[in-house]
Amino acid sequence: MRDEKIYMIPVNDAFSVNCECAFCYLENNFEKQCIEIVLGESVMEVDARIETNKKGFCRRHFHMLLEQKNKLPYGLILETHLNEIKKHLEKLIYSNFSAATLQQKDGFIKKLLGNQNLNKNKLTDLIQYLENLSVQCVICERIQARMKNYFEVFFFMWKNQKDFQQKVLSSKGFCLHHFNELLKYSLNCLSGKELNNFAEKICKIELDNLSRIYTNVCDFNKQFDYRNANNTVTEEIRNSLLNATEKLGKYK
Ligand SMILES: [Zn+2]
Ligand SMILES: [Zn+2]
């Protein structure tokens with residue numbers, strides 16, 4: 001638990017925030033930090049970004065990097081990452097072909113199309129490379145590692161601090177993604193009576209809060225009926241679509 005102690009404060013604080021999911025709040029904050037760290041690393045030496053060059057990012061994080069104000073760090077990341085991909089693809093596409101064939105693109109294409117087996121193997125290798133590339137993301141990996149720490153600390157505090165337990169139980173529950181994660185982690189972190197007690201309480205607050213959101217969305221939709229034109233619409237009802245989206249769709 002020595003290392004995890006530093007995560008107690010952020011996890012405890014997250015459960016004081018009025019939001020639909022404390023884990024989304026934590027993930028969102030850490031994601032912003034990661035973006036800054038990765039951009040900071042990019043202006044350092046090439047050695048410091050070998051991992052980034054090789055793995056790249058998922059679609060979400062490529063776009064988040066693009067949206068940052070300071071463009072040079074991202075430009076440097078793209079320059080080296082593109083070069084890495086280009087070299088790898090060239091190797092995959094042109095391997096097994098003689099240098100002579102390489103010089104004649106027509107010959108290369110004819111040979112590629114003419115040899116069914118070679119063609120298929122080559123495509124399989126290419127697909128494999130692209131598949132690996134598409135599931136790798138330096139930022140997602142760092143977030144995943146940090147979230148593991150947060151979940152472990154959550155259960156440490158749940159077991160040892162009654163006031164934290166109370167805080168969790170008076171929260172608005174979790175988004176469905178983190179609700180699922182929480183249940184999965186509970187299988188490793190708790191057992192016996194403790195596990196049953198946790199599951200029962202957590203499932204209850206999750207259901208209560210889904211009902212709250214459902215009722216608010218229903219009321220939101222009712223305001224479009226002219227018969228309800230004079231009804232007052234509370235802030236909770238006005239925010240219901242956003243809250244429901246956060247409950248169902250993980251963080252933004
Ligand atoms: Zn969440
Ligand atoms: Zn990612």
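Order of listing sets the numbers, starting from 1, for every ligand and every atom in it. Excluded from the calculations below are hydrogen atoms, water molecules and symmetry mates; all remaining heavy atoms, backbone and side chain alike, are included.
Between the side chains of Lys222 and Asn231, no donor-acceptor pair is found at a separation under 3.5 Å.
Below 30°, between 30° and 60°, or above 60°: for Phe23 and Phe151 the angle between ring planes is below 30°, a parallel geometry. Under the 30°/60° scheme for interplanar angles, the aromatic rings of Phe179 and Phe174 are found to lie parallel.
Closest to the Zn ion (ligand 2) among the N, O or S atoms of His61 is ND1. Closest to the Zn ion (ligand 1) among the N, O or S atoms of His178 is ND1.
Residue side and main chain included, Cys175 places an N/O/S atom under 2.8 Å of the Zn ion (ligand 1).
Geometry about the Zn ion (ligand 2) gives an angle of 120° between SG of Cys137 and SG of Cys58, rounded in steps of 10 degrees.
Note that CE of Met64 is 7.5 Å distant from NZ of Lys32, once rounded to the nearest 0.5 Å.
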